[in-house]
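The basis for the numbers below is simple: all heavy atoms, side chains too, and nothing from hydrogens, waters or symmetry mates.
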Amino acid sequence: MAEDEVTLVGILEKILYSNPENGFLIGSFLTENSIRCITVKGLFFNTREQETLRLKGHWENHKIYGRQFSIREFMPIEPSSEDGMVRYLSSEIFKGIGEKTAKRIVKKFGKDTFKIIDSSPELLAKVKGVAKKQQKTLLAAWDEQRGLRDVMTFLRGAGISHAYAQRIFVKHGMNSIPLIKANPYLLTEIPGIGFLTADGIARNLGFDINSPLRAAAGIVYILEQQAQNGHTCFPRQALLEKTTDELKIDAVILETSLQQLLDDHLLNSEKIIDVSANEQEHIFRPRFYKAELRVAENIFRILNSEAFTVFESETTLIEEQEKKVGLELDSAQKKAVEAALQHKVLIITGGPGTGKTTIVRFILGLMRPRIPSIALAAPTGRAAKRITETTGAAASTIHRLLEASNLGFQRDRENPLEQELLILDETSMIDTLLMDSFLEAVPSASRLVLVGDVDQLPSVGAGSVLLDLIESNSIPVVRLEHIFRQAADSYITTYAHNVRQGMLPDFKSLSQQVNAGNKLLDFYFIKESDPETIVEKILLMSTERIPQRFELDPMLDIQVLTPMHRGATGAVNLNRKLQDVMNPDAEGLEHREQLFRVGDKVMQLQNDYEKQVFNGDLGRIVNCAAKTRELHVKFEQEIIHYQGNELDQLTLAYAITVHKSQGSEYSAVIIPLTTHHFMMLQRNLLYTAITRGKMLVVLIGTEAAVKKSIENEGATRRFTGLLHQFVELGATPLL
C-alpha cells in the first residue's frame, strides 16, 4: 500500500460527471462525521447517488479544481447510523421506497433494520404503510446489492484485483460466481486478464492440468502469442506441439479440444501451400481470418471498379509535367507514374535513394489539377510528418484519416472516405487489422497508391501485408532499383543496399577513409565485442563526439537504436545509462522499472484516441507531480497530461528498439550490434536500422554479428493467409 493511501467511508451525495463507456466518475462525497462534501474521482461501476461506500485512494491537488480524492478501489457497504439507513433505503437503489417509508421501516426496527431485511424479510409486512409491492421491490434490490458484495468478495478472494473484479461484475453481474466456478477461463474475455492469470485462478479452484476447458483456452492463448510474433495463423501440428510443450497438456485432449473449437466456429482453418510448396492446415483466430478475407475482397472491389476520373494519353501528360517541374524521370519512375494513371491500385516499392518520394511529388503535381480530393497518410505520426516535409503536401496518420475514437473508426463501409486519390506511405508498417479497416473505408471509385520498402522489417502487428500483396501478383507493382547519383555518394545508402542484397559492406574501404581523415563521413563502423565497453562508447558518442563534430543536439538529433530490450546493450539498460548522463538531477517519479524525470525524452507506446497521441510519437516531459504521480509531456502538437494509471503508455526513448523506429528518420543513429543479439540478428532488422539515419549512422559491434544478420534472411517469414485468400477468390496473375 502506498504511504499516502487512506480509507474513507461515507455517502456519494451527487454524481457530477460520469462516463458510462469506461466507468470514470466525479462526485460529491460526504464522509462520516463531516458536514462538508469532498470531490472524489475514479472508476465506479453500478454506483448510485446516496449509496454508502468505502473508498481507498489518495489525496491530490488539481491545478484548476483544487483538492480531490483519487480512488483506487471502492466497495458498497451498509450504513450504520439510523439517519444513514434512511438515506440508503430512500436512495435510487430502492425504487418506490421514499423517505417517509424508509423512516417507518427504520423507526420500527432501529439499528437491526438491515439484519431484519436480511434474515426475516417477512417482518416488513408488520410495518404500517409499507405496501406489498414496495416490500417486493425493496427485497429484490436488497438481494442485488447483497449479490454485488458477495461477488466482489468472491473475486477478491480468488486473487482478482479490485479493478478487474469491477470489470467482471459489469460483464457477468450476479452470474459471475457460478460462471467463474464453472469455467474460470472465461475471464480471458475481460480486457487485461490473460490466460496465465485465469489459469492460476483455475488451479486455485481445483481445475486439473488436463481439463478440456484449460486445453481449449491454452490453444487460443498460444495462438494469440503467435499473433504477437506477427503470425495471423499457425500450422496445426506446430500449434499442438507448442501448446503441449509450454502448458504440459495431454496431446490427445488438445487434439479433441482443437477440433471442438473448430466445430464451434471459435477458430478457423485453411489448407495453405507455404513457400516450400508444402500444403499444411493452418489455424486462425476469426478476427484475422475475416480481416485477410476482407483485404483481398476489397482490393478486388477497388481494382475492378470504374475510376471516377479516367486519364488518357499518359505519355503526353507525363511529358507536360516533366517540363513544368523541370525534371526528367528515369524509365522505372516513368513506369510508376504511368501505372498510377492507368490502374486503380498500384504498389511502389524501393530502398533509400531510389526516388520514391520524387514519384509521389510528381504524381501529386500531375493529378491535383484533375483530382482535387487527395489524401496522404502513413501508419505513424512521425512517418506522416516526414511525408509532409518531403512532399510539401499535408499528410495524416491512417487513424486520423479514418477518424479514430475510443469507439472505433468512424469511417467504414457505411461511411466511406471522400477522397478520390489515396496515397499511403510506409506501407510495410501496416498490419492486417489496420489495412482491413482502411480498405473497408475506401470508395470503389477511388485510386490507391501504396508506397513502401518491402525489405524493411514487417509491421509490429500481425501480418505481412505489403509482401503478400506484392506476391499475390494481382496488383501492379513497380520496383525501384536505381540509386540516384547524390544518394550513391552516401555510405548510408550504399551499405543499406549491400545489406538488402545480402552483401557484406566494404568496411575495409570505410576504415581507410576514416584513417585518411580528409572529411566527415556519413557512416562509421566501430569494432567492439565487449558489451560494457560498447555502452561506454555509446555514452561518449551520444553526449560528446557526435554533438561536437557534427553540431547535432544530443536530445533532438541523435537516436540510439538497439535490436533488443534486455541485456547490457538493450533499450532498458541504455536508457538508464543515457538518462544518468544526459538528465541526471531533474525532479521525477519512479514507475515500474523506469524513473521519469522532467526533461526526459519519452515515447508513446499505444494509440490513445482520446488524447490524440499514437504509438511511436516522441515527446519531452515538461512537468512532474511526484506525489500525485502525474506527468505532462510535450509532443509536437500539444502538451498531454498523464495520470498515474496511464504511465504504462510511456517509456524512456534515449534508446529504442529498431522495431519502434519504423517509419521514422533521425539526423544521426547509433546502432549496437553484437552476437549477444543473436536472437534478433536478421537482415531486415539491420537494413531498417541503417535506413533510419539521414546524416549519420554509427554501427558499433562485430563483423561477425553484421555477417550473421545479412545471412539470416528467411528466418522471419510469417505465417499468413492473405495470399491464400487471393487464390481462393480466383485471382488472375498479371502478366
Is the shortest side-chain heavy-atom distance between Leu448 and Leu346 below 4.5 Å?
no
Does the distance from a Lys or Arg side-chain N to an Asp or Glu carboxylate O, for Lys694 and Glu389, drop under 4.0 Å?
no
Do Gln682 and Asn712 have side chains that approach each other closer than 4.5 Å (heavy atoms only, starting at C-beta)?
yes
Among residues at least two apart in sequence or on other chains, which ones pass side chain to side chain contact (heavy atoms under 4.5 Å, CB included) with Thr243?
Ile219, Ile222, Leu239, Leu247, Leu254
Residue pairs involving residues 393-404 (criterion salt bridge (Lys or Arg N to Asp or Glu O under 4.0 Å); sequence neighbours excluded)
Glu403-Arg411
Please check if any side-chain donor atom of Gln225 sits under 3.5 Å from a side-chain acceptor atom of Asn229, or the reverse.
no
Distance only, no hydrogens: is a donor on one side chain within 3.5 Å (strictly under) of an acceptor on the other, for Gln237 and Gln280?
no
Charged N to carboxylate O below 4.0 Å: is that the case for Lys242 and Glu246?
yes
Charged N to carboxylate O below 4.0 Å: is that the case for Arg386 and Glu426?
yes
Which word best sums up how the rings of Tyr687 and His497 line up, parallel for under 30°, tilted for 30 to 60°, or perpendicular for over 60°?
perpendicular
Sorted by chain and residue number, the side-chain hydrogen bond (donor to acceptor under 3.5 Å, both in side chains) partners of Asp245 (sequence neighbours excluded) come out as none
Salt bridge (Lys or Arg N to Asp or Glu O under 4.0 Å) contacts in which one or both residues fall within residues 222-237, not counting sequence neighbours
Glu224-Arg285, Glu224-Arg287, Arg236-Glu255, Arg236-Glu281
If you measure from CG on Leu681 to CG on Leu673, what distance do you get to the nearest 0.5 Å?
5.5 Å
Any side-chain heavy atom of Ile671 within less than 4.5 Å of one from Leu685?
no
Evaluate the side-chain proximity of Ile670 to Ile558: yes if any heavy-atom separation is below 4.5 Å, no if none is.
yes
Does the side chain of Tyr221 pick up a donor-acceptor pair with the side chain of Asp199 at under 3.5 Å?
no
Salt-bridge contact Lys271-Glu279 (side-chain N to carboxylate O under 4.0 Å)
no
Give every residue pair that meets the ring pair (Phe, Tyr, Trp, His ring centres under 6.0 Å) criterion with at least one member in residues 387-430, sequence neighbours excluded.
His399-Phe409, His399-Tyr609, His399-Phe614
Decide yes or no for Ile302 and Val442: does some side-chain heavy atom of the first lie under 4.5 Å from some side-chain heavy atom of the second?
yes
Could you tell me if the ring centre of Phe284 sits under 6.0 Å from that of Phe234?
no
Any donor and acceptor pair, going by atom type alone, linking the side chain of Arg683 with main-chain N or O of Glu711 inside 3.5 Å?
no
Would a 4.5 Å heavy-atom cut-off, applied to side chains only, mark Asp617 and Met603 as touching?
no
Ring-face cation contact, Phe635 with Lys611, 6.0 Å cut, 45° max
no
Side-chain (Asn684) to main-chain (Asp455) donor-acceptor, under 3.5 angstrom
no
Do Thr720 and Asp468 have a side chain donor and acceptor closer than 3.5 Å?
yes
Compare all side-chain heavy atoms of Thr391 with those of Leu376 and state whether any distance is below 4.5 angstrom.
yes
Aromatic ring centroids of His282 and Phe719 under 6.0 Å?
yes
Any donor-acceptor N or O pair under 3.5 Å, side chains Thr232, Glu292:
yes
Sorted by chain and residue number, the side-chain hydrogen bond (donor to acceptor under 3.5 Å, both in side chains) partners of His641 (sequence neighbours excluded) come out as Glu630
Using side-chain heavy atoms (C-beta onward) and a distance below 4.5 Å, is Leu466 in contact with Ile347?
yes
Tell me whether Gln410 contacts the main-chain N or O of Gly408 through its side chain, where contact means a donor paired with an acceptor under 3.5 Å.
yes
Output, in order, the C-alpha distance, side-chain angles, deciding distance and verdict of salt bridge (charged side-chain N to carboxylate O under 4.0 Å, His left out) for Arg692 and Glu665.
CA-CA 5 Å; Arg692 298 310 90 199; Glu665 277 189 344; over 6 Å; no
